[in-house]
Visitor: 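Please read through the structure below; I'll follow up with questions.
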Amino acid sequence: MKNYSFKMNRINQKLQEDKKLLSIYFTAGYPNIDDTVSIIQDLEKNGVDMIEIGLPFSDPLADGPTIQDSSTAALKNGMTSEVLFKQLKDVRKTVNIPLIIMGYFNPMFQYGVEAFCEKCQELGIDGLIIPDLPVDVYHEHYQDIFEKYGLINVFLITPQTSDERIRYIDSISNGFIYMVSSASTTGAQSGFGNVQTDYFERIAQMDLKNPQVIGFGISNNETFTQATQYAKGAIIGSAFVKHVTKYGANSVDAFVNKVLNG
Amino acid sequence: MKLKVCGMKYQDNIEQVASLQPDYLGFIFYEKTPRHFDTKIPEISEDIKKVGVFVNEEASTIIEKVNEFELDAIQLHGEEAPFYCSILKTTKLFNKPVEIIKVFSIKDEFNFDVLEQYEAVCDYFLFDTKGKLPGGNGYIFDWSVLNDYPSTKPFFLSGGIGIDQIEDIKKFKKSEASKYCYAIDVNSKFETEPGLKNSSILREFINKLHNRKTMNYNVDEKGYYGEFGGAFIPEMLYPNVEELRQNYLKVMAEPNFQKEFDQLLKDYVGRPSPLYFAKRLSEKYNTKIYLKREDLNHTGAHKINNTIGQILMAKRLGKTRIIAETGAGQHGVATATVCALMGLECIVYMGEIDIARQAPNVARMKMLGATVVPALSGSRTLKDATNEAIRDWINNPVDTHYIIGSAIGPHPYPDMVTRFQAVISEEIKWQLREQEGRENPDYVVACIGGGSNAAGTYYHYLHEPDVGIIAVEAAGLGVDSGESAATSVLGNEGIIHGCKTLLMQTKDGQITEPYSISAGLDYPGVGPMHAHLSKTGRAEFMSITDSDAMEAGLELSKLEGIIPAIETSHALAIFGKKQFKPDDVVVVSLSGRGDKDLENYIDYFKI
């Protein structure tokens, strides 16, 4: 069960590039049910390095109001695991950057964890982020399945995570570590103070085997630049969802340009 | 190896122990022991042999007792001579054949030569420890003495055997000395007082003796009830939940904690709550119905048992800020109450729709000094309030304790809440013994939303197979109506609010909104303990519609002068659905009072 199945994984390849990575989260099926693929294509076209496709859930307890609302709307639009998989059927014909599905565990559990993973591999999905699947449960029950289908599972750490647990998470991970910038749900703040930068530094000095990507609280060029001083990359979620809420799915270029070029 | 339980005295206790199916039950017909048997033997399984124990008794008395009590064996515990045994062996005066067991007491050594003259006149030998009294001394003799056992006659091993000797017995069974050991004889080490056996320890002993793995209905060391439970939480919550997990049992075991908890339950909550025999209701349904009056607690429901426990826990963990979720407002009020009592900041999350429906409880919380925050997301009811409380906890990981109101959430919450609510069944046990002369009813009944009053009502009966467990869910407008909260029927396995359990959801895994007229029962999941009780069949799940519940609430009001909460009315409605036997003792948890539901009752019955 070692790394053989990962040698072609786009996430690992991307992490080896000599640049800071911008990753964008968006909610699938939002603002309109059919926006999913066009948003993915536009994000890549405008220079985004990695994409988290949010699979909406009725009870997203790690998310703030912005992503909650987009999830509720997407579900109302008719988004389901089935629908998302149908939409992504041909995505690899046009898109080359790493694609990660981010969602809560229950919808995957209902689909069947193995069936879900198999489908992901078939469509060219590279990894999963499942905030409410704890690392020990993954390790004990699901790691073999994920590895069988060549999927990278990404775990979160927070300022409260102990060094010992970070080392444990590092040992189970084989892509990157999702570093939550502060104790919060998504979209809760803007800008980083000393508390955050001390924490970023502390983790940077731990010399972990997996690179770190910072998320939560990144919203613009300033916070992106600040975060990537300490980490391989940064993830923007709520700010992007807010943007498409306001300007629609066709406005991806404006947002990404502003983040990358200030 | 057979098992004999000796020194039985009380009728209920005899039935209880008989339900564990020992091979022999011993009754001591010797007046100088506190275990002296002087009542009747209730009807027990014919597979269990009844043994009369006698000490230097007249043969005629023995014959009389054997016939009167239909004994299957006699155990001679005095200095009975071989000739005397031979009289009993050959007499035709017994109504049926009787086995003769002759007792020999061993101190450190034993002269086995004495056995020879008894070989022909006894069926078994029994080796006991030599002590001041004939039997019941509680000391073990050195079993290796039996290495020199010269006979082939099967014998009983006796003397001070308790649950601590399990390993010794297993070792003994493998040794040469046990070759003719026919049975183990136990007595005083399983007693709570002379003659009264603790059946749960006895059960554990029997299971261990037979290497039987029993079904465990409590949480295991990993936080699961069978396949349900666990802690499916985002990493952001890990430190909070882990801190609680590592400390909750330790804190609850502290004598100071126990003392403070018990004191507050007594002086502040008003416990013990009465166990009331509902005479007129019993007459109507031709069975014996007892109501456990949790409605008489301060704040009007069982909820406060848990909030008292958790606020003390929060204080021990150094927390200064309390958050809670509430549906109808009962748990919110109970939390605001204990926060006022302890002078801690209190924030209660409540769905926007529920705030509008439950104005009096919102006012109560505010009077008690709590801040009520509307949950505006999702369906704006209980499950969304729970999400908001969890989000608050993510954002305030250090100083805040989250008081969950039901037996749900990530481990250790379901277990912790259950343990705080377990005072309900703890009291039922002794109260029922006072009133019925037995601790175990035939049934315990409770309504289930998340299931905290049910968990507390069942807790001490989970492993008592003679106690039937009935869980009553809200069927709403009918199980198949699409407007229901009957999770055990409509739900399947999934993850909600941090645990794996049964929940109502779409095929795609989205959690659906349940419906019940009772705000306390319309939760889309059940606690993981109940999911396990349902899956294993340990509990019988029944669903009751709005209309049946409302009628049952009105009926209790008219028959007993008690207006129950609508949640509780669901539990009461089972008497119209299920026939109990006239001498069945059925204990119903009267989980809350109906004041809060007056408006609903008024609307429904056009009062």
Side-chain angles (χ1 to χ4, degrees), chain A residues 55-65 67-69 71-72 75 78-84 103-112 116 129-138 140-141 155-162 165-166 169 177-180 182-186 188-189 216, chain B residues 222-224 227 229-243 325 375-380 383-400 409-411 492-501 503-513 524-525:
Chain A
L55 179 63
F57 180 50
S58 55
D59 295 74
L61 37 79
D63 285 299
I67 292 176
Q68 285 172 43
D69 291 347
S71 300
T72 307
L75 290 173
M79 183 47 73
T80 64
S81 305
E82 288 283 359
V83 170
L84 178 63
Y104 290 81
F105 189 47
N106 198 47
M108 299 177 196
F109 187 68
Q110 296 312 316
Y111 194 93
F116 196 96
I129 304 175
I130 313 163
D132 60 342
L133 177 63
V135 58
D136 51 328
V137 178
Y138 168 77
E140 197 174 326
H141 298 287
F155 295 102
L156 278 54
I157 61 170
T158 82
Q160 271 71 40
T161 311
S162 68
R165 190 163 168 84
I166 292 173
I169 287 171
I177 290 174
Y178 191 135
M179 213 166 127
V180 176
S182 64
S184 71
T185 44
T186 54
Q189 58 159 39
F216 289 42
Chain B
K222 284 185 159 174
Y224 283 84
E227 62 197 278
F232 292 81
I233 46 168
E235 190 61 30
M236 292 82 101
L237 282 179
Y238 180 82
N240 313 28
V241 173
E242 181 63 9
E243 181 188 26
E325 86 292 338
L376 305 171
S377 60
S379 52
R380 295 171 291 149
K383 86 178 168 72
D384 310 285
T386 308
N387 293 336
E388 285 307 326
I390 292 174
R391 287 177 190 127
D392 180 311
W393 211 20
I394 289 174
N395 284 289
N396 298 282
V398 180
D399 63 341
T400 299
H411 177 68
N492 49 19
E493 231 174 274
I495 287 102
I496 183 172
H497 298 143
C499 65
K500 190 187 277 185
T501 188
L503 62 126
M504 291 166 56
Q505 52 187 322
T506 65
K507 196 174 146 271
D508 188 46
Q510 310 298 338
I511 297 168
T512 53
E513 191 61 19

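Here is how names work: the chains are called A, B, and so on, in the same order as the sequence lines, proteins then strands, and each is numbered from 1. Predicted model only: the values in this text are computed from it and were never measured.
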Visitor: Which one, A:Met108, A:Glu82, A:Gln68, leads in non-hydrogen pairs under 4.5 Å with chain B?
Guide: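 Highest number of heavy-atom pairs under 4.5 Å: A:Gln68.
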Visitor: Do A:Leu61 and B:Pro234 have side chains that get closer than 4.5 Å, going by heavy atoms?
Guide: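 They are in contact (side-chain heavy atoms under 4.5 Å apart), so the answer is yes.
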Visitor: Can you check whether B:Lys222 reaches A:Glu140 side chain to side chain, under 4.5 Å on heavy atoms?
Guide: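 Sidechains of A:Glu140 and B:Lys222: in contact.
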Visitor: Is the shortest heavy-atom distance from the side chain of A:Pro60 to the side chain of B:Arg391 under 4.5 Å?
Guide: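 A:Pro60 vs B:Arg391: side chains touch.
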Visitor: Side chains of A:Val137 and B:Phe232, heavy atoms from C-beta outward: is any pair under 4.5 Å?
Guide: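 The answer is yes, as the side chains (C-beta and beyond) meet within the 4.5 Å cut-off.
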Visitor: Sort B:Glu388 into side chain, backbone, both or neither according to what part of it lies under 4.5 angstrom from a heavy atom of chain A.
Guide: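 Contact with chain A: side chain only.
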Visitor: Using 0.5 Å steps for rounding, measure from the CZ atom of A:Phe109 to the CG atom of B:Asn492.
Guide: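 Reported to 0.5 Å precision, the distance equals 9.0 Å.
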Visitor: Do the charged groups of A:Arg165 and B:Glu235 touch, with an N to O distance under 4.0 Å?
Guide: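 Yes, A:Arg165 and B:Glu235 are salt-bridged.
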Visitor: Roughly how far apart are A:Ser58 OG and B:Ile496 CD1, rounded to 0.5 Å?
Guide: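 Nearest 0.5 Å value for the OG-CD1 distance: 8.0 Å.
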Visitor: B:Tyr224: what forms a ring pair (Phe, Tyr, Trp, His ring centres under 6.0 Å) with it, not counting sequence neighbours?
Guide: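 With sequence neighbours excluded, B:Tyr224 shows a ring pair (Phe, Tyr, Trp, His ring centres under 6.0 Å) to no residue whatsoever.
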Visitor: Is the shortest heavy-atom distance from the side chain of B:Asn240 to the side chain of A:Gln160 under 4.5 Å?
Guide: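 No, their side chains stay 4.5 Å or more apart.
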Visitor: What pair of heavy atoms forms the shortest contact from B:Ile495 to A:Asn106, and how long is it?
Guide: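 Looking at all heavy atoms of both residues, the shortest contact is N-OD1, 2.9 Å.
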Visitor: Identify the heavy atoms of B:Gln510 and A:Pro56 that sit nearest to each other, and give their distance.
Guide: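 Looks like NE2-O, 3.2 Å.
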Visitor: For B:Gly498, is there any backbone N or O sitting under 3.5 Å from a side-chain donor or acceptor partner on A:Asp132?
Guide: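 No, the answer is negative, given that no donor and acceptor are paired below the 3.5 Å cut-off.
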Visitor: Looking at B:Pro397 and A:Ala183, what are the two nearest heavy atoms and their distance?
Guide: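 Taking B:Pro397 first and A:Ala183 second, the nearest heavy atoms are CG-CB, 3.5 Å.
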Visitor: Would you call A:Gln110 and B:Thr506 a side-chain contact if the rule is heavy atoms closer than 4.5 Å?
Guide: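 A:Gln110 does not reach B:Thr506 side chain to side chain.
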Visitor: I need the B:Ile394 CD1 to A:Asp63 CG distance, nearest 0.5 Å.
Guide: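 Spacing of CD1 (B:Ile394) from CG (A:Asp63) equals 8.5 Å.
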Visitor: Give, for atom CE of B:Met236 and atom OG1 of A:Thr186, the distance between the pair rounded to the nearest 0.5 Å.
Guide: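 One finds 7.5 Å between CE of B:Met236 and OG1 of A:Thr186.
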Visitor: Would you compute the distance between atom CG of B:Asn387 and atom OG1 of A:Thr185 and round it to the nearest 0.5 angstrom?
Guide: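 Atom-to-atom, B:Asn387:CG and A:Thr185:OG1 are 11.5 Å apart.
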Visitor: Considering only heavy atoms, which portion of A:Ile169 lies under 4.5 Å from any heavy atom of chain B: side chain, backbone, both, or neither?
Guide: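 Just its side chain gets close to chain B.
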Visitor: Nearest 0.5 Å, what's the CD1-CZ distance between B:Ile233 and A:Phe105?
Guide: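 Reported to 0.5 Å precision, the distance equals 14.5 Å.
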